[in-house]
Amino acid sequence: MPVAPSATDALLSVRDLRVAFGALEVVRGLSFDVHPREVLALVGESGAGKSLTARALLGMLPRGTTTSGSVRLRDEPGSYAELMGATRPTLAALRGRRIALVPQDALSALSPVHPVGDQLAAAVRSVTGLSRSQARARAVAALDRVGIPDAASKARAYPHEYSGGMRQRAVIAMATINEPDVVVADEPTTALDAELQDQVLRVLGEQREAVGAALVLVTHDLGVVRDHTDRVLVMYAGRQVEQGPTHRVLDRPRAPYTAGLLASLPPADGEDGPAGGPHRRGGSGRRRRLPAIPGSPPAPDALPPGCAFAPRCPLAEDRCHREEPGPWTVGDGHEVSCHRWDEVPYPATELFLERPA
Ligand SMILES: Nc1ncnc2c1ncn2[C@@H]1O[C@H](COP(=O)(O)OP(=O)(O)OP(=O)(O)O)[C@@H](O)[C@H]1O
Ligand code: SF4
Ligand SMILES: [Mg+2]
């Protein structure tokens, strides 16, 4: 059944989002909704189009890109603002206040010539009538909340005086300081150790609880997806391969590509294998997990015909090389783009385990 997701009560509703560099389409028709308090993960290997998708949601794409589709942000129940094609002033008025980005490159979000606290205070004053000292106090509190030690004095420091991890957290403070409805965070925890990762995810979670915000979280880390997200959208070569409730997608993936990502996961402590496939067997004649999916994703200018994953897929058959699959709805809120989704075994990671000779 073709997918026609409904936008009712979503905070952010995206339909057929496409991003191209000239004739090269790199995001190819994504549709998804994000509801209040929901955390949606965007996952996929490097080059899948996650960052361009994240930036397209705020109209913050690099020069030379063209976009189409629809990105609608809820104004009030039942009423939406269309961001696709919106004017610069309209987008500028919404950014930070209604929808905010934590970019993958944290440094690019901070000006090198102003102290970090001043930048946060200026962001506060741009949308509130707070005095300088009130805005400053809010800036210090925001830095403290993301775990910047000695936030009052660090607020007076410049970005270059921050470590990489601190800069990343300062950018998260900046993105959340005006309590936007939607936070789009592009790999916000990549440079952080486990403890700081947890802290940052907790801050983003508090934002959700405090104002009913939704979070779009780009990550490579399926452990983070499992522990911190409600839904997951798996991307490959600019397209959706699978989308659904996190537990469904990770426990019973229906796309071979999702299974491959899970198969490359190290087992959690005390487990015999990853989600979707508890299989690690030692000794001769037994099977072992591959370090990753064999091969690498195609470049945008060298997409194979049909299913882009076919050259790497253990289930590929003739039609996969001819016809682009789906997406089809296969369960409650669960969509898959695979011709053979109902033949994906359980546990799905079986597909990526080496067979004995
Ligand atoms: N400025 C650009 N000019 C041309 N192609 C680009 C540009 N930026 C990105 N691309 C291409 O668009 C595709 C998607 O890029 P994107 O940065 O969204 O990937 P990603 O999924 O975020 O990867 P990563 O996990 O490495 O951050 C890639 O194939 C990339 O080469
Ligand atoms: S459509 Fe075919 S090639 Fe693509 S993921 Fe499914 S089985 Fe594999
Ligand atoms: Mg990226």
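Order of listing sets the numbers, starting from 1, for every ligand and every atom in it. None of the values given here were measured: they were computed from a predicted structure.
Looking at Cys338 against ligand 2, both its backbone and its side chain come within 4.0 Å, counting heavy atoms. When heavy-atom distances to ligand 2 are checked against a 4.0 Å cut-off, Ala310 comes that close through both its backbone and its side chain. With a 4.0 Å cut-off on non-hydrogen atoms, Val26 touches ligand 1 through its side chain and not its backbone.
Using a 4.0 Å cut-off between charged nitrogen and carboxylate oxygen, Asp221 and Arg226 do not count as a salt-bridge pair. The pair Arg156-Asp118 does not meet the salt-bridge criterion, since no charged nitrogen lies less than 4.0 angstrom from a carboxylate oxygen. Taking 4.0 Å as the cut-off between side-chain N and carboxylate O, Arg98 and Asp75 count as a salt-bridged pair. No salt bridge links Asp144 with Lys154; every basic N to acidic carboxylate O contact stays at or beyond 4.0 Å.
Within the 2.8 Å limit, Cys313 places at least one N, O or S atom next to atom 8 (Fe) of ligand 2. Using a cut-off of 2.8 Å, one finds that His339 contributes no N/O/S atom close to atom 4 (Fe) of ligand 2. One of the N, O or S atoms belonging to Cys320 lies under 2.8 Å away from atom 2 (Fe) of ligand 2.
With ligand atoms numbered from 1 in the order given, ligand 1 contributes 14 (C), 16 (P), 18 (O), 19 (O), 20 (P), 21 (O) to contacts under 4.0 Å with heavy atoms of Gly49. Taking every heavy atom of His220 and a limit of under 4.0 angstrom, the matching atoms of ligand 1 come to 25 (O). Interface of Gln104 with ligand 1, defined as ligand atoms under 4.0 Å from a residue heavy atom, comprises 27 (O).
Asp181 and Leu11 make their closest contact through O-CD1, 3.5 Å (heavy atoms, listed as atom of the first residue, atom of the second, distance).
Residue contacts with ligand 2 include Pro325, since one of its heavy atoms falls under 4.0 Å from the ligand.
Using a 4.0 Å threshold on non-hydrogen atoms, atom 4 (C) of ligand 1 counts as touching the protein. For atom 31 (O) of ligand 1, no protein heavy-atom neighbour is found at a distance under 4.0 Å.
Between His339 and Trp328, the ring planes are tilted. Angles from 30° to 60° get that label.
Counted by atom type alone, Ser31 and Asp16 present zero donor-acceptor pairs between their side chains at under 3.5 Å.
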